[in-house]
Amino acid sequence: MLNFRKILLLLVLISSVSVCYPQKKAQKSDKKATTEKTFDFNFSFYFLEGNKNKNLGDYDAAIRNYTRALTIDNTQPAAYYEIATILFATGDYQAAQTYAEKAVQYDKTNNIAYIDMLIYTYEYSNQNEKTIPLYRKLIASNPNDIENYYELAKVYQSLNKPKDAIKVLDEAEKQFGITDIISVQKEMMYEKMGNMNKSFEEMKKLRDAYPTNLRYKAMLAEAYFQNKKFDLAKTEFSELEKMNIDEGLVYLSLAEYHRATDAQYYNYFAMLEKAFNCEDESLTYELKMQILNQLLPIARTDDYIKVQIKRLASIVEKQYPSDIALSALKADIAMMNNDYKSVQQNLSDIVAEDKSSFEIWEHLMNIDYHLQDYDKLYEHSKEASELFPNVLSVYQFYVVAAYLKKEFREVVEAVDYASMLSVDNQQVMIDLLSMQGDAYHALKEYHKADSVYEYILFKDGDFESVLNNYSYNLAVRGENLAKALEMSTHLIELNPSSPTFIDTHAWVLYKNGKLDEALKYMNDAIAKDNSNAVYYDHRGDIQFKLGKKDEALSDWEKALELDPENSAIEEKVRTKSLK
């Protein structure tokens, strides 16, 4: 059962602080400091000059004038306070604390601005314990400001003194009566202390004090359920279900209860649908999307859930018709039906309208790759690399697509850039470099290709695709054949069952003049895969060199049958020879 009680608690706290009570931090910056003493004329002159400098943003001049004023009368708290505010604003918290302490020391009126300033400095230097007497002073001077109690309780919580925090909240409750901000804080602290009976009492007290606020009843019901008091939970949830509910989160709490207790999903989705249709803002768009995304994995294997999630998504779509994340979710739903072409078109339309969401681009490129639509993958990944130049995964798609499109120069340049992004991901970097090496070879920049291959093998001497391509390319070029044979031999030791690697080894053996051994491996490759024209072409070449001309012609004819557009093989068949 998902803990939506925590969401309810958080919303109670937010609404209580921001709506029911004024925010303390906002008050602090607006209050004006006053002094209880009559200013000496000279003191007053320098003090007012300091105020002018401060208002103009000339803080150095302001501090000089406030300091001059203090040389005339060093017991004036206002000057200390003004210097403290400047030092605090410029980040010199330790010095600000010294001046704020002086302001409070010389103040005889319990000026709230001075106390607040000192509290700020203690908080920024992690001296929370020193704020306790200051909050006590604020409570004594203004017992009707509930936030001072709340802030003091938070200090005790930060010091891991929950019992002291609860005592402060009890004081507040005597002053203000039962309020959500106090009861919720006490409930959370009792729960943290492991005293669930006291926690339940606080929630029951809040429920009874506000019987029309069904959030509190839902909070209590979930707390009972999560603490295995199932009979009590059932009573609360059953009563709740009969009430006139107008909040999405309350329906959501009921939905989760049914999900945890019902064998079928019917009641769960019935409550979810009511929650999604509620017009209040308690169930946010983000939370709705989170629920839908959590349902996706199980929807893939359950047709009933698949239908329900589609219905819920349509409700959200009516409420947020142009949202990109929802479009992505709809694409996921379409994918559950294996309708990848529709998904591709849907996502293409989205990025044509709004190019800002990387999530959508990534989804689209994955679909392109899944469909093996490499033209679209090339088009989309190239544009995405310009829009999101620092995202490595984009370049992974782009490099693959550019290579398949034979845009080898783009491959080389893209890998050069992507290698700077992949310094923390060694495997990705090597994968990209292997394609760059192949691209250099295709561009006939053999020295560069070999350098890249050598670097990869220095990092990982068992990298199979590089061992394969490097050894094969050397054999084709007729260069460094001993090294080619060493690599292809190691490749076969690593993976003796791949027909591709066996073919490479056979070809390297052939180029090294080891014809009988080459024929043996080439026979093995064809035994494992008899549908590859290259294998028959290679075996034909080997057989021709061994003097088996009839067998060679038979292999070339088979290769041409498999690859009828290959002019090189056609020439061998026509001339019945190797040139």
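Excluded from the calculations below are hydrogen atoms, water molecules and symmetry mates; all remaining heavy atoms, backbone and side chain alike, are included.
With hydrogens and angles disregarded, no donor-acceptor distance shorter than 3.5 Å links the side chain of Asp107 to the backbone of Ala103. No donor-acceptor pair closer than 3.5 Å links the side chain of Tyr150 to the backbone N or O of Ala172. Side chain of Asp280 to main chain of Gly248: a donor-acceptor pair is present (N/O by atom type, distance under 3.5 Å, no hydrogens or angles). A donor-acceptor contact shorter than 3.5 Å links the side chain of Tyr66 to the backbone of Asn51. Using a distance-only test at 3.5 Å, with no hydrogens or angles considered, no donor-acceptor pair links the side chain of Asn142 to the main chain of Leu138. Trp361 places a side-chain N or O within 3.5 Å of a backbone atom of Lys355 that can act as its donor or acceptor partner.
Aromatic pair Phe225/Tyr257: ring centres closer than 6.0 Å. Aromatic ring centres of Tyr93 and Phe88: separated by under 6.0 Å.
Rounding to the nearest 0.5 angstrom, the gap separating the CD atom in Gln344 from the CG atom in Leu377 is 9.5 Å. Between Lys192 atom NZ and Met189 atom CE the span is 9.5 Å, to the nearest 0.5 Å. The OG atom of Ser199 lies 9.0 Å from the CG atom of Leu220; values are rounded to the nearest 0.5 Å. Atom CD of Glu222 and atom CZ of Phe237 lie 5.0 Å apart (nearest 0.5 Å). Summarising the geometry, atom CG belonging to Leu292 is positioned 14.0 Å from atom NZ belonging to Lys310; distances are rounded to the nearest 0.5 Å. Within the model, atoms CD of Gln185 and OH of Tyr149 stand 16.0 Å from one another, a figure rounded to the nearest 0.5 Å.
For the side chain to side chain donor-acceptor pair (under 3.5 Å) test, no residue two or more places apart in sequence or in another chain qualifies with Asn195. Residues satisfying the salt bridge (Lys or Arg N to Asp or Glu O under 4.0 Å) test with Asp302, not counting sequence neighbours, are none. Residues meeting the salt bridge (Lys or Arg N to Asp or Glu O under 4.0 Å) test with Asp92, sequence neighbours left out: none. Residues passing the side-chain contact (heavy atoms from CB on, under 4.5 Å) test with Gln105 are Lys102, sequence neighbours excluded. Annotation: side-chain contact (heavy atoms from CB on, under 4.5 Å) contacts of Asp431 (sequence neighbours excluded): Gln427, Phe463. In this structure Lys204 satisfies the salt bridge (Lys or Arg N to Asp or Glu O under 4.0 Å) test with no other residue, sequence neighbours excluded. Not counting sequence neighbours, Lys288 has no partner by the salt bridge (Lys or Arg N to Asp or Glu O under 4.0 Å) test. In terms of the side chain to side chain donor-acceptor pair (under 3.5 Å) criterion, Lys137 has no residue partners (sequence neighbours excluded). Looking at residues two or more places apart in sequence or on another chain, you find a side-chain contact (heavy atoms from CB on, under 4.5 Å) between Tyr59 and Lys54, Ile86, Thr90. Shown here are the side-chain contact (heavy atoms from CB on, under 4.5 Å) partners of Glu101, two or more places apart in sequence or in another chain: Gln97, Leu118, Tyr122.
The local environment of CZ in Phe358 is crowded, with over 12 non-hydrogen atoms from other residues, nucleotides or ligands closer than 6.0 Å. Around the NZ atom of Lys306, the shell of radius 6.0 Å holds more than 12 heavy atoms that belong to other residues, nucleotides or ligands. No more than 12 heavy-atom neighbours from other residues, nucleotides or ligands sit within 6.0 angstrom of NZ on Lys376. Heavy-atom neighbours of Tyr417 OH from other residues, nucleotides or ligands within 6.0 Å: above the threshold of 12. Atom CD of Glu386 has more than 12 neighbouring heavy atoms from other residues, nucleotides or ligands inside a 6.0 Å radius.
Side-chain contact, Asp349 with Gln345: a donor N or O sits under 3.5 Å from an acceptor N or O. Side-chain contact annotation: Ser356 with Asp354, donor-acceptor N/O pair under 3.5 Å present. Side-chain polar atoms of Glu359 and Ser357 form no donor-acceptor pair below 3.5 angstrom.
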Enumerate donor-acceptor pairs with a distance under 3.5 Å from any side-chain N or O in residues 155-167 to protein atoms, sequence neighbours excluded.
{"residue": "Ser158", "atom": "OG", "partner": "Asn128", "partner atom": "ND2", "Å": "3.2"}
{"residue": "Ser158", "atom": "OG", "partner": "Val155", "partner atom": "O", "Å": "2.6"}

Would you list the atom pairs, donor with acceptor, under 3.5 Å between side chains in residues 228-236 and any protein atom, with sequence neighbours excluded?
{"residue": "Thr235", "atom": "OG1", "partner": "Asp231", "partner atom": "O", "Å": "3.1"}
{"residue": "Glu236", "atom": "OE1", "partner": "Lys217", "partner atom": "NZ", "Å": "2.7"}
{"residue": "Glu236", "atom": "OE2", "partner": "Arg207", "partner atom": "NH1", "Å": "2.8"}

message = Pair Lys52, Asp58 - check salt bridge (Lys or Arg N to Asp or Glu O under 4.0 Å), show working.
response = CA-CA 9 Å; Lys52 291 179 185 177; Asp58 190 351; over 6 Å; no

task = Begin from the C-alpha positions of Lys205 and Glu173 and carry the test salt bridge (Lys or Arg N to Asp or Glu O under 4.0 Å) through to its verdict.
result = CA-CA 12 Å; Lys205 188 166 60 179; Glu173 196 164 85; 2.8 Å; yes

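Paired with Tyr106 under the rule ring pair (Phe, Tyr, Trp, His ring centres under 6.0 Å), one option of Tyr80, Tyr114, Tyr99 passes, and it is Tyr80.
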